[in-house]
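Note that this is a predicted model, so its numbers are computed, not measured.
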Amino acid sequence: MSEKNGQVIISNGVVRKNGKILMVKRKREWDEQAHGKWELPGGKVEFGEKPKETVVREIKEETGFKTREPELIPETYTHLWEYENRKTHLVILSYTCRLDGGSKDCSDKNVMDVEWLSMEEIRNKDCLPGTMEIIKKV
């Protein structure tokens, strides 16, 4: 395994409101595999941070919405991203979260758009790997 290869732990959240799910459209010009694709809000677990804390923090940073009471979805999703000079193994811990206020904010540098989408709308979007599998577990 190359020294450039690595493993990343991600916490993401399923937040529902009026039958719709909070989704983000990724902005990653440097990564054509992810750029412009939809997924659940979330991000990397920082050193020393609890994954439950990560999901609440990341949802707020990426969408502007506050959440509380994250509950772990009892299945872990993994995905191996292969790039020209490295591989990244993502381990994704997913949570259901209760909406606790806030308003839409798309100012995060890694987000192009934030939307509340129905399941039918999500099915018709170009989503990142694992997104539909995670949503179906809820």
Original post:
Quick one: which of K125, K104, K27 gives a salt bridge (charged side-chain N to carboxylate O under 4.0 Å, His left out) with D113?
Top reply: K104
Got a sec: does the [atom1] of [X] have more than 12 other heavy atoms crowding it under 6.0 Å?
X    : atom1 : answer
E120 : CD    : no
E71  : CD    : no
L117 : CG    : yes

Going only through I, L, V, M, F, W and Y residues with side-chain contacts under 4.5 Å, is there a path from [X] to [Y]?
X    : Y    : answer
I73  : Y95  : no
V138 : V55  : no
L90  : L128 : yes
V14  : L22  : no
V24  : L40  : no

**OP:** With side-chain contact (heavy atoms from CB on, under 4.5 Å) as the test, would you mind laying out the steps for K4 and N85 before giving the verdict?
**Re:** CA-CA 8 Å; K4 294 181 182 181; N85 61 349; 4.2 Å; yes
Quick check: do [X] and [Y] have side-chain heavy atoms less than 4.5 Å from each other?
X   : Y   : answer
R26 : H35 : no
T96 : P70 : no
L99 : F65 : yes
E49 : R57 : yes
I92 : T78 : no
E58 : E61 : yes

Which heavy atom of [X] sits nearest to which heavy atom of [Y], and what is that distance?
X    : Y    : result
G42  : E62  : O-OE2, 2.8 Å
I21  : M119 : CD1-SD, 4.0 Å
Y83  : T88  : CE1-OG1, 4.0 Å
N5   : K87  : OD1-N, 2.6 Å
K44  : V8   : CG-CG1, 3.5 Å
W116 : K20  : O-CD, 3.5 Å

Subject >> Step-by-step side chain to side chain donor-acceptor pair (under 3.5 Å) determination, H89 to Q7 >> reply: CA-CA 5 Å; H89 179 216; Q7 190 172 55; 2.8 Å; yes
**OP:** Run through I135, V15, T63, V114 and flag the one making a side chain to side chain contact (heavy atoms under 4.5 Å, CB included) with M23.
**Re:**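 Exactly one candidate clears the test, I135.
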Subject >> Steps toward side chain to side chain donor-acceptor pair (under 3.5 Å) verdict (D100, T67) >> reply: CA-CA 5 Å; D100 195 29; T67 57; over 6 Å; no
**OP:** Using the side-chain contact (heavy atoms from CB on, under 4.5 Å) rule, take T54 and E46 through it: C-alpha gap first, then chi angles, then the decisive distance, then the call.
**Re:** CA-CA 7 Å; T54 302; E46 294 179 359; 5.9 Å; no
**OP:** Spell out, as yes or no, whether a donor-acceptor pair under 3.5 Å connects the side chain of Q33 to the backbone of E82.
**Re:** yes
